[in-house]
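Heads up, the thing below is written out as structure tokens.
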Amino acid sequence: MDENSGSGSGGGGGSGMAQKEKPVRDHHPWDYHVSGPRDLASPHWRDLIFSSWRNPSYRRIAVSCFVQAAYLLELDRQAKRTGAQEIASRWWKQFKYKLVKTLVDERDGSIYGAVLEWDHTAAIADYLFVRPWGAPKAAIALRGTIIKGSTIRRDFEDDFRLVTWDTLKGSVRFRGTMEAVKAMIFKHGAHNVCIGGHSLGAGIALHVGKELAKQGVYIDCHLFNPPSVSLPQTLRFIQKTASLLWRRSNSRKGIDDEGKAEKLLRDVNGWMPHLYINDTDYICMHYADRAGTATMTSSHKGTNAQPKLFLAPRGQVGQQSLMEAHGLQQWWNNDIELQRSISDSRLLSRQLRSMYLESPSGKSS
């Protein structure tokens, strides 16, 4: 779950789009015009008719750029870059969004996420008078671990929770994210809110999405290189299954529980996260179950859901290092042609089924 040169701390390279006579910040290796998407047009008046956000590739690129901005907000803070020197803002301004809140861990002052909203003023300046169809009114972006500066301790605390227990109970960042997401849902409605994260941030986003789904609230969720931890999930799934069977042994209560479970299964299509997996990345590779058997589609009556799991093609990732395979930068490459997984992911199915076996909770621990 660590994040080093792949998305935010050091490293360089990029698209070679830096131009002469640019401000100093454009020469930073992580400036948008150096390492951002190539040949991606900013939204303009044509989006009034043909919205770019209706294109799944554009949506993936935009959300991954928002997540990159979350990394860069923290790196700007650590480097004390402000004003013309900061590099994070162009990663959301390019898409006509504005920063309305940073998610800060009060224990060390580090920034772990960003809350963005559609910027009407910036859009009107480019003759875009209404928000394009499909563009979220609000987006919450969560970074992964940065192996640099004082934030590393708090990053690894949540990493350890996921690796060891597959839970974020007690996580300050999970609680802060949940509060921010609920505030945006209250303001804009769930169908207008999007959440995205990379690595550890993807783990937090997945848990937030699951918690909301248990309450019947479904938001658009994009997970880049989400951590796959199979052993703790397996043990917890067995434990929850046994608990459910025990509850069902109580006649009337058991009938009620079974009815609730069936309703959740019927409603599963209301929330299906998008997972972006590089199956040469050992951190998320277990989600890509190429030989897997259908679990959600064939095991439950009245359900036809499939996880929205996308794989980076092997031809494009075969020569990558481990850090490159886990990096965020690969997901804003507008040349990449992702492969939709044709078989269910047993690991993702287990993640989703875990929320059916738990009663809805109003707590966001």
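- With contacts defined as side-chain heavy-atom distances shorter than 4.5 Å, the pair W331/V63 does not qualify.
- Ring planes of H120 and W118: perpendicular class, angle over 60° (limits at 30 and 60°).
- Between Y32 and F95, the ring-plane angle classifies as perpendicular under the 30° and 60° cut-offs.
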Fill in: Worked verdict on H326 versus H198 for side chain to side chain contact (heavy atoms under 4.5 Å, CB included)
CA-CA 9 Å; H326 187 61; H198 174 248; 4.2 Å; yes
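- Each of I111, T82, I87 was evaluated against D76; a single residue qualifies, I87, per the side-chain contact (heavy atoms from CB on, under 4.5 Å) test.
- L128 and V130 fall within a single hydrophobic cluster, where Ile, Leu, Val, Met, Phe, Trp and Tyr are joined by side-chain heavy atoms under 4.5 Å apart, directly or via other members.
- Ring geometry for Y127 versus F129: interplanar angle over 60°, hence perpendicular rather than tilted (30 to 60°).
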Fill in: T102 and E74: CA distance, side-chain angles, deciding distance, side chain to side chain contact (heavy atoms under 4.5 Å, CB included) verdict
CA-CA 10 Å; T102 55; E74 170 57 18; over 6 Å; no
Using distance only, find each side-chain donor-acceptor pair of residues 184-191 under 3.5 Å and give its atom names and separation, not counting sequence neighbours.
from	atom 1	to	atom 2	distance (Å)
K187	NZ	E117	OE1	3.4
K187	NZ	E117	OE2	2.9
H188	NE2	E117	OE2	2.8

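- Side-chain atoms of Y276 and H222, non-hydrogen and from C-beta on, do get closer than 4.5 Å to each other.
- Side-chain atoms of L200 and R143, non-hydrogen and from C-beta on, never get closer than 4.5 Å to each other.
- By the 30° and 60° cut-offs, the orientation of the rings of W30 relative to W332 is perpendicular.
- Taking the side chain as every heavy atom from C-beta outward, L72 and S89 never approach each other to under 4.5 Å.
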